[in-house]
Amino acid sequence: MKEYISPPPLKRQRLTQPVDKAEIPTTDFTPISPPTPGALRIFSWNINGIEPFVQPYLQKSIKSFFKPATNTVKRKRPRDTGSVTSDGENDEAGGWSKGDREDPAKEGPASLRLVLGRYGWPQIFCLQEVKVKPGDSKTMEAIRQAVNDPIGSNYEPVQSGKSTTASLSDGGPEYKVEFNLPADPYNAKGFGGKVYGVATIVRRDFMAEAVQEIREVPWDREGRIQIIETKELSLPLGLLSEPLPTCADSDDDKEAEELAKSKFAIINIYAVNGTTNPYRSTHTGEQVGTRHDRKLAVHSEILIEAKTLEAKGFHVIIAGDLNVACTKLDGHPKLRTTPYQHVLNRRDFVQKFFLGQDLDMAPSKAAYNGYEKRLSQAGDIQSFSGVDTFRNRHIFKQRFSYHPRGVPWGSTCDRVDLIITSQSLEDNILDSGIYDSPRDRGPSDHCPIWVEIGSRMKSRRDTSEV
């Protein structure tokens, strides 16, 4: 009798479960990674309009002279103009309950101060798409109040130590805010001038002791770029903290010495989103191409800025909404490929900022969607050769920073918000991440991203899969 042998399976068994949606979040915030003592902690968030966070400071009237009965009075959140549905219809699907609409943070009114405290009082917090009208000094002052207003207490800085160091009544530091708002009469109009715009929130002690200059660039009139240049400073930082121990491990001595006196340049950017809409000369109004063309031009301008800063001895950190998802790991359910110009835009970005590196860091080169040919296509482009700080720490993770409103959470999302550093900082990336839950997203359609830069060798990367 012939022995029966079972046939091989018709399909190869999956080693991992397919990912149909991004990780389903809990109803709470993403667990916070505690700040590393002495590290340079940088956050970036496309806030998609800062109005929900400053309404209490814009609506002060005679009632403000009277003490309210409670500090938890709910205020109606302005309609989310970015939603594709009518107000409230799809809030639950997008991660909001009806009650949440009045209270985006579920901790009293939407508060920039609470955001800063929740994320460990970072030295630098880059905001994009603030949507403040140029010249609106009232709103700008309201934002400055909002970042320094401890909930339930008056804004009265308590001086401690040097006069430049202040601690407010909630135990956190004082902050300053610098703006770059659009001044382009042809390409930044509509919505009453409330379009684009970036703002950088800087801890006051860091501003006084470490920041040399915060500047704009002459080629940007849409309010998309700010550059924060530091003086020579030492890591670990000792600002607003007890004296920190130096690296005791002899293997770290050389690195600690190399970063003992270092200059940093942080580029806060809200990159152009490529479309077929016309782009006009900022001086004459004449059409000179499309928004796709402008996006490619901005890539080149940022590259020139970054390379110029490196030549001056700066470690460069590019942080913001780059409006590019680089690899298949960065888009769900897939990368945008139509119209084809989006593929060309992505290729251009990868060539200019990651040329010659294995960005994928995944088992298959296919995840690059054919970008392994980019070396032969680059021509005379001199790449920034940057480090994607999220991929540096989380090689295989599928996490996303853009979660559009009005659709179920995780059904369509992208990682278009990036923090990219000079190659010289690769071994100093202590940690990085995305705080990606509906509550972290707040009233925006983007989630905050972050990185910590410190003076020790990086620890083992997170190689776990989704």
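The shown structure was predicted, so the numbers you read here are calculated from the model rather than taken from an experiment. Numbers here simply count residues along the sequence, with the first being 1.
Taking 4.5 Å as the limit, some side-chain heavy atom of Val324 sits within range of a side-chain heavy atom of Cys326.
Within the 6.0 Å centre-distance limit, the rings of His403 and Trp409 are counted as a close aromatic pair. Checked against the 6.0 Å centroid criterion, the rings of Phe29 and Tyr435 do not qualify as a close aromatic pair.
In this structure, the separation between CD on Gln212 and OG1 on Thr230 is 8.5 Å, given to the nearest 0.5 Å.
Put simply, the side chain of Ser422 never gets that close to the backbone of Ser424: no donor and acceptor are under 3.5 Å apart. Formation of a donor-acceptor pair under 3.5 Å by the Thr200 side chain with backbone atoms of Cys126 is not found in this model. The backbone N or O of Gln145 lies less than 3.5 Å from no partner atom in the side chain of Asn148, so there is not a single donor-acceptor pair.
Side-chain polar atoms of Thr389 and Asn392 form no donor-acceptor pair below 3.5 angstrom. Looking at Thr282 and Arg221, their side chains do bring a donor and an acceptor atom within 3.5 Å of each other. In summary, the side chains of Ser44 and Gln128 do present a donor paired with an acceptor at a separation below 3.5 Å, with no hydrogens or angles considered. For Asp220 and Asn180, the side-chain atoms include at least one donor-acceptor pair closer than 3.5 Å.
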- Query: Given Ile419 and Ile317, is the side chain to side chain contact (heavy atoms under 4.5 Å, CB included) satisfied, shown in steps?
  - Reply: CA-CA 7 Å; Ile419 300 179; Ile317 301 170; 3.7 Å; yes

- Query: Run the side chain to side chain contact (heavy atoms under 4.5 Å, CB included) check on Val451 and Phe43 step by step: do they pass?
  - Reply: CA-CA 7 Å; Val451 69; Phe43 270 72; over 6 Å; no

- Query: Under the side chain to side chain contact (heavy atoms under 4.5 Å, CB included) criterion, do His394 and Arg399 qualify, and how do the steps go?
  - Reply: CA-CA 9 Å; His394 311 284; Arg399 302 284 291 275; over 6 Å; no

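Residue Ile434 comes nearest to Trp450 through the heavy atom pair N-NE1, 3.9 Å, listed as atom of the first residue, atom of the second, then distance. Of all non-hydrogen atoms in Ser401 and Val416, the two that sit nearest each other are OG-N, 3.3 Å. Minimum interatomic distance between Glu305 and Val217 (heavy atoms only, all atoms of both residues): OE2-CG1, 3.5 Å. Leu237 and Ala39 make their closest contact through CD1-O, 4.0 Å (heavy atoms, listed as atom of the first residue, atom of the second, distance).
Phe264 pairs with exactly one of Ile124, Leu235, Val211, Val316 by the side chain to side chain contact (heavy atoms under 4.5 Å, CB included) rule, that one being Leu235.
For the pair Arg41 and Trp121, the cation-pi criterion (under 6.0 Å, within 45° of the ring axis) is not fulfilled. Phe400 does not carry Arg415 over the face of its six-membered ring by the limits of under 6.0 Å from the centre and within 45° of the normal. A cation-pi arrangement is found for Arg224 relative to Tyr196, the charged atom lying closer than 6.0 Å to the ring centre and inside a 45° cone about the ring normal.
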